[in-house]
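Worksheet: one structure, shown below.
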Amino acid sequence: PTLVEFIYTSCPVICLALGEDFYRLQEKIAHDPRYFGVRLLSISFDLERDTPAQLAEYAKAHRTRTPIWRIVRPLSVEDLHRLLEVFGIVVKDDGAGGFVHNAAIHLVDARGRLANIGDIGQGERILSEAADGL
């Protein structure tokens, strides 16, 4: 099972909160045997600015541990649009160099199905559901 979030690395508020949630979940996964096997995935939707180097800086700032937590971006605009559609993510230019977007933690079960969606702050509940599917 994998918990998935959508971010952009220059986001000043929501994505920082999501990153902190994922850091706390990562530490639980790393230290509690109940959660071994659960993975975290942050997917950037800012293909223009979130270069591999920028994603690496974001990962370093959030102290990610691979393979528990990976931070990635789609390879093409077409792939990004498909992902956003499947996960129900809405992203709009905010007119100030950023984006307005919905934020959630998505649980993809071991079969690759979208099993649940939780709000910011519900990461521990979603993590427990993910562990139940191991």
Side-chain angles (χ1 to χ4, degrees):
T2 303
L3 280 66
V4 179
E5 65 177 1
F6 287 82
I7 58 137
Y8 69 106
T9 63
S10 60
C11 179
V13 180
I14 293 173
C15 301
L16 288 177
L18 284 168
E20 288 303 311
D21 274 355
F22 264 35
Y23 173 76
R24 283 189 294 278
L25 296 175
Q26 170 188 254
E27 295 308 295
K28 284 187 170 289
I29 294 166
H31 295 102
D32 189 331
R34 291 178 295 173
Y35 304 122
F36 288 176
V38 176
R39 297 294 178 246
L40 305 173
L41 183 64
S42 298
I43 302 173
S44 170
F45 52 77
D46 187 354
L47 300 184
E48 186 174 314
R49 289 177 288 196
D50 283 345
T51 64
Q54 186 66 28
L55 294 177
E57 284 298 315
Y58 183 87
K60 182 178 178 183
H62 287 283
R63 304 176 304 256
T64 63
R65 298 178 190 219
T66 54
I68 296 172
W69 184 8
R70 294 190 187 272
I71 300 171
V72 301
R73 69 181 205 143
L75 295 176
S76 70
V77 172
E78 293 79 18
D79 290 344
L80 173 61
H81 288 300
R82 270 192 299 261
L83 280 168
L84 296 177
E85 184 178 326
V86 166
F87 283 91
I89 302 297
V90 176
V91 177
K92 296 184 179 188
D93 187 321
D94 70 2
F99 300 95
V100 175
H101 62 96
N102 53 332
I105 298 173
H106 303 80
L107 172 58
V108 176
D109 67 19
R111 294 184 190 158
R113 297 177 306 177
L114 182 59
N116 203 342
I117 301 172
D119 289 327
I120 293 175
Q122 295 181 334
E124 289 192 34
R125 178 183 63 78
I126 299 292
L127 179 60
S128 292
E129 288 183 35
D132 290 343
L134 288 173

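Along the sequence shown, the residues carry numbers beginning at 1.
Within the model, atoms CD1 of I126 and CG of D21 stand 11.0 Å from one another, a figure rounded to the nearest 0.5 Å. Annotation: the span from L83 atom CG to I43 atom CD1 amounts to 5.0 Å, rounded to 0.5 Å. Taken from CH2 in W69 to CD1 in I29, the straight-line distance is 10.0 Å, to the nearest 0.5 Å. Separation of atoms NZ (K92) and NE2 (H101) is listed at 13.5 Å; rounding is to 0.5 Å. Atom CG of D119 is separated from atom CZ of R125 by 8.5 Å, given to the nearest 0.5 angstrom. Note that CD1 of I105 and CG of L18 are 6.0 Å apart. Values are rounded to the nearest 0.5 Å.
Using a cut-off of 4.0 Å between Lys/Arg side-chain N and Asp/Glu carboxylate O, D32 and R34 are scored as salt-bridged.
Closest heavy-atom contact between F99 and V91: CD2-CG1, 3.5 Å. The minimum heavy-atom distance between G133 and A110, with the atom names listed, is O-CB, 4.5 Å. Taking both residues in full, the closest heavy atoms of V72 and L55 are given as C-CD1, 3.8 Å, listed atom of the first, atom of the second, then distance. Between R49 and G97, the shortest heavy-atom contact is NH1-O, 2.6 Å. Closest approach of A59 and I71 over heavy atoms only: CA-CD1, 3.6 Å. Nearest heavy-atom pair, A103 versus I120, reported as atom, atom and distance to 0.1 Å: CB-CD1, 3.8 Å.
A donor-acceptor pair under 3.5 Å is formed between the side chain of R73 and the backbone N or O of L47. Looking at D50, its side chain never comes within 3.5 Å of a backbone N or O of I7 through a donor-acceptor pair. Looking only at distances, a side-chain donor or acceptor of Q26 sits under 3.5 Å from a matching main-chain atom of R65.
Both L25 and L107 are members of a single hydrophobic cluster when ILVMFWY side chains are connected at heavy-atom separations under 4.5 Å. Follow the hydrophobic side-chain contacts under 4.5 Å out from F36 and you never reach L40; the two are in separate clusters. Residues I89 and I14 do not share a hydrophobic cluster, defined by chaining ILVMFWY side chains whose heavy atoms lie under 4.5 Å apart.
Contact annotation: the side chain of S128 approaches that of Y35 to within less than 4.5 Å [non-hydrogen atoms, C-beta and beyond]. The closest side-chain heavy-atom distance from V108 to F87 is below 4.5 Å. Contact check for D46 versus Q54: no side-chain heavy atoms found under the 4.5 Å cut-off. Side-chain atoms of L41 and R39, non-hydrogen and from C-beta on, never get closer than 4.5 Å to each other. Residues V38 and L3 have side chains in contact (heavy-atom distance under 4.5 Å, counting atoms from C-beta outward).
Under the 4.5 angstrom side-chain criterion for Ile, Leu, Val, Met, Phe, Trp and Tyr, V100 has no cluster partners at all.
Applying the ring pair (Phe, Tyr, Trp, His ring centres under 6.0 Å) rule to pairs touching residues 49-68 yields Y58-H62, sequence neighbours excluded.
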Practice task
Under the side chain to side chain contact (heavy atoms under 4.5 Å, CB included) rule, what do T64 and R70 come out as? Steps first, then yes or no, please.
Solution key: CA-CA 7 Å; T64 63; R70 294 190 187 272; over 6 Å; no
Problem - Stepwise side chain to side chain contact (heavy atoms under 4.5 Å, CB included) test for L127 and K28 - result: CA-CA 9 Å; L127 179 60; K28 284 187 170 289; 4.0 Å; yes
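Remark: E27 CD is packed, more than 12 non-hydrogen atoms of other residues, nucleotides or ligands lying under 6.0 Å away.
Classified by interplanar angle (parallel below 30°, tilted 30° to 60°, perpendicular above 60°), the ring pair F45/Y8 is tilted.
Listed by chain and number, the residues in a side chain to side chain donor-acceptor pair (under 3.5 Å) with N116 are E129 (sequence neighbours excluded).
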